[in-house]
Amino acid sequence: MSIIMEQIKRTKIKDILASAEYEKTVNVKGWVRTRRGNKFVNFIALNDGSSIHNLQIVADVTQFDEELIKRITTGSAISVNGTLKESAGKGQSVEIQATEIEVVGDCNADEYPLQPKKHSLEFLREIAHLRFRTNTFGAIARVRHAMIFAVHSFFSEKGFLNIHTPIITASDAEGAGEMFKVTTMDINNAPKTEEGDVDYSKDFFGKATNLTVSGQLEGELAALAMSEIYTFGPTFRAENSNTTRHLAEFWMIEPEMAFYDLDDNMDLAEEFTKYLLNYALENCMEDLEFLSKRLQEEEKGKKAADQSMELIEKLRFVVDNDYIRLTYTEAIDILMQSKPHKKGKFQYELKGFGSDLQSEHERYLVEKHFKKPVILTDYPMSIKAFYMKQSDDGKTVKAMDVLFPQIGEIIGGSQREESYDKLLERMRAMDLPEEEMSWYLDTRKFGSVPHSGFGLGFERLMLFVTGMGNIRDVIPFPRTPNNAEF
RNA sequence: UCCUUCUUAGCUCAGCUGGUUAGAGCACCUGACUGUUAAUCAGGGGGUCCUAGGUUCAAGUCCUAGAGAGGGAGCCA
């Protein structure tokens, strides 16, 4: 039996909670978190995703059909007409006194996996299609949206153009890791060349293609005409990485700026990340407060020394302090002088100039020595990509890595090599196919200028802003080795 | 890919040096309660102890292999 309800325009719960128009008749729609009460009065906690906070619906049970009330279970979707009231109970300022309730979508309580209790993140990962309905993942979804919006507003305010770079690419010279192949050929029956290799000339694009690992090279092409651009798109790495900070499919922001040297690049990276964190503080406070409490709850059992700084305090701390800038060589010196090195406490030996820093070394610098974000520059040429600008010392390149506490490398970037000869020389030394990359080299031939850029891993930013520990929890549907569910 | 830990009810977990019929809290069902706050109280149903072998009089517990998950490392954003 369906009840025809009076048609009232729906109001979002966020707006109801901020309203003081008592006695006004309103309609709300959403999903039930819990229902409790007795024979005479029931309280329904309703959430529609617009806020971390639930709206309390008060139903005088004697006014409603008993069968209807029974169908209002955790997870069910309902539409409520009622009167906005100042709450008679503690715990909320406003509530809705229901006059009409319709169950829009039933939810079998026996089968519904979400309960009004704390679930483990691992369990929720297995039911990622439903985890939006929890406080934690609702908060993360709202913060994620705010951060996406802030990225665009930051660059737009500064006159940067958003460029859509290709997702399918034929370039395999970017050196950013293993790639996913893109093909329309039948892999069990692929056309072969006379030598017996797969004949990609018969494939859809007439050559071997992959999913992009970076939009940087195309971004540079745009920057060397439009001056300042950024990309913000999906990125794919087929590395067999099983960590709390790697995904096979993730979103990356890559600004690229003509006439920027490495210092300008660092200035932008610092201003950008601070803008994003500040945007979260100004626009997502309720969600951040919830996430902060969640984190403290989770870390209750830990020793005081192992507990992280309170989330909101941590974000303010980064926004209010200058990032430390130092060269790779200076970092090695500091590490050589450090207690853990002298006492042999590092698990990996410090090898000195020419070897890459282990993450335990980076973490020591950021979390123990400086206790704030650190930008490391001027890395040895041998451990960095071919396109980075070579320094006059002949040993280092104008590279920069921005390291954040807890999550490590959040940004990797550099000033780009603008000299045609030096770039070509480096490509030959690294055995890169110069024919295929001629379009990239052309930019250094025709009006080349100094330019710089960097890549910011969006989900790593999300880890930092939300205080979550696993990157699989800050993207709605994570793709990792052995997992492409949903 | 390597190292390491884990897998027991729908969920979170306990189950000791192998020993009777495998437990708790929450959830679910039934009942009580006129303002609850993850409501509370009483009762009830619910198990392939991850899978396959093995040791033993006896295996949730020990051994081997496999699967899945967590954490750390490498690669990086």
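The basis for the numbers below is simple: all heavy atoms, side chains too, and nothing from hydrogens, waters or symmetry mates. Since the model is a prediction, treat every value here as computed from it, not as a measurement. Just so it is clear: chains get the letters A, B, ... in the order the sequence lines come, proteins before strands, and each one is counted from 1.
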Does this structure show an ion pair linking Arg142(A) with Glu286(A), if we count only N-O contacts that are shorter than 4.0 Å?
no
Indicate, with a heavy-atom threshold strictly under 4.0 Å, whether Gln92(A) touches base, sugar-phosphate, or nothing.
base
Regarding Thr74(A), tell me which of base, sugar-phosphate or nothing describes its non-hydrogen contacts under 4.0 Å with the strands shown.
nothing
Test applied, side chain to side chain donor-acceptor pair (under 3.5 Å); reference residue, Ser308(A); option that passes from Glu299(A), Gln406(A), Lys314(A)
Glu299(A)
If you check every side-chain atom of Lys39(A), which of A32(B), A77(B), G74(B) has the closest atom?
A32(B)
Residue Arg237(A), side-chain heavy atoms: nucleotide from G35(B), A77(B), G68(B) that is nearest
A77(B)
To the nearest 0.5 angstrom, please state how far the NZ atom of Lys118(A) sits from the CG atom of Leu124(A).
9.0 Å
By nearest nucleotide on RNA chain B, pick out whichever of Leu456(A) and Ala109(A) is the more 5' one.
Ala109(A)
Ile410(A) near the nucleic acid: base, sugar-phosphate alone, or nothing, with a heavy-atom cut-off under 4.0 Å?
sugar-phosphate
Side chain to side chain contact (heavy atoms under 4.5 Å, CB included) with Leu114(A): which of His119(A), Arg33(A), Arg131(A)?
His119(A)
Given A77(B), G70(B), G71(B), which nucleotide is nearest the side-chain atoms of Arg472(A)?
G70(B)
Quick one: Gln216(A) CD to A77(B) P, roughly how many Å, whole number?
9 Å
A correct 5'-to-3' footprint of nucleotides 8-13 of chain B, with B, S and - meaning base, sugar-phosphate only and no protein heavy atom under 4.0 Å, is --BBS-
Across the strands shown, which category fits Glu362(A) at heavy-atom distances under 4.0 angstrom: base, sugar-phosphate, nothing?
nothing
For Asp431(A), does the CG atom have more than 12 heavy-atom neighbours from other residues, nucleotides or ligands under 6.0 Å away?
no
In terms of side-chain heavy atoms of Asn38(A), which of G68(B), G35(B), U30(B) is nearest?
G35(B)
Rounding to the closest angstrom, what is the interatomic distance between A27(B) and G74(B) at atom P?
43 Å
Take the protein atom CZ of Arg36(A) and the nucleotide atom C1' of A38(B), then report the distance between them rounded to whole Å.
8 Å
Pick base, sugar-phosphate or nothing for Asn242(A), based on heavy-atom distances below 4.0 Å to the nucleic acid.
base
Counting only heavy atoms not in His164(A) (residues, nucleotides, ligands), do more than 12 fall under 6.0 Å from its NE2?
no
Rounded distance in Å between the P positions of U48(B) and A58(B)
24 Å
Ignoring the backbone of Gln358(A), work out which of A77(B), G68(B), A73(B) is nearest its side chain.
A73(B)
Please check if the distance between the ring centroids of Phe290(A) and His53(A) is under 6.0 Å.
no
C1' gap between G54(B) and U61(B), integer Å:
15 Å
Given the C1' atoms of C3(B) and G47(B), what is the spacing between them in whole Å?
34 Å
Of the candidate nucleotides C76(B), U30(B), A77(B), which contains the atom at the shortest distance from the side chain of Met252(A)?
A77(B)
From the options Ile410(A), Ile411(A), Leu247(A), select the one residue that forms a side chain to side chain contact (heavy atoms under 4.5 Å, CB included) with Arg460(A).
Ile410(A)
Taking A59(B) as the reference, what is the distance to C76(B) when you measure between their C1' atoms (whole Å, please)?
46 Å
Mind calculating the distance between OH (Tyr348(A)) and P (C3(B)) to the nearest angstrom?
12 Å
C6(B) P sits how many Å from Leu121(A) CG, rounded?
21 Å
Under 4.0 angstrom, heavy atoms only, what part of the nucleic acid is Ser359(A) near: base, sugar-phosphate, or nothing?
sugar-phosphate
If I take atom CD in residue Gln347(A) and atom P in nucleotide C2(B), what distance separates them, rounded to the nearest angstrom?
17 Å
How is Phe458(A) classified with respect to the nucleic acid when contacts are heavy atoms under 4.0 Å: base, sugar-phosphate, or nothing?
nothing
Just compare G74(B), A77(B), G71(B) and give me whichever is closest to any side-chain atom of Arg245(A).
G74(B)
Please classify the nucleic acid contact of Gly412(A) as base, sugar-phosphate, or nothing, using heavy-atom distances under 4.0 Å.
sugar-phosphate
Any heavy-atom pair between the side chains of Lys372(A) and Ile324(A) that's under 4.5 Å?
yes
Bracket notation of RNA chain B in which parentheses pair within the strand, [ ] cross earlier pairs, and | pairs with another strand (Watson-Crick or G-U, under 3.5 Å)
(((((((..((((.....[...)))).(((((.......))))).....(((((..]....))))))))))))....
In whole Å, I'd like the distance from the CZ atom of Arg125(A) to the P atom of C6(B).
19 Å
What do you reckon, are the aromatic ring centroids of Phe353(A) and Tyr328(A) less than 6.0 Å apart?
yes
Is it the case that the base of C75(B) and the side chain of Ser241(A) share a donor-acceptor contact (distance under 3.5 Å, atom types as modelled)?
yes
Report yes if a side-chain nitrogen or oxygen of Asn470(A) is closer than 4.0 Å to either non-bridging phosphate oxygen (OP1 or OP2) of G71(B); otherwise report no.
yes
Phe250(A) on top of A77(B)'s base, within under 5.5 Å and under 30°?
yes
Roughly how many Å apart are C26(B) and C41(B), using the C1' atom of each and rounding to a whole number?
15 Å
Output field: ring centroids His361(A)/Tyr348(A) closer than 6.0 Å
no
What's the separation between atom CD in Glu459(A) and atom CD1 in Ile407(A), rounded to the nearest 0.5 Å?
11.5 Å
I'd like to know whether CZ of Phe477(A) has more than 12 heavy-atom contacts from other residues, nucleotides or ligands below 6.0 angstrom.
yes
Taking CZ from Phe40(A) and P from G35(B), how many angstroms apart are they, rounded to a whole number?
10 Å
Could you tell me whether Gly37(A) contacts a base, only the sugar-phosphate backbone, or nothing, with contacts defined as non-hydrogen atoms closer than 4.0 Å?
base
I want to confirm an ordering. Mapping Ile383(A) and Arg363(A) to their closest nucleotides on RNA chain B, which one lands closer to the 5' end?
Arg363(A)
Roughly, in whole Å, what's the span from CD in Gln406(A) to C1' in G72(B)?
16 Å
Sticking with atom P, work out how far G10(B) lies from C6(B), rounded to a whole angstrom.
23 Å
Using atom P in both nucleotides, what's the gap between U12(B) and U7(B) to the nearest angstrom?
12 Å
What contact category does Ile411(A) fall into here, base, sugar-phosphate, or nothing, at under 4.0 angstrom with non-hydrogen atoms?
sugar-phosphate
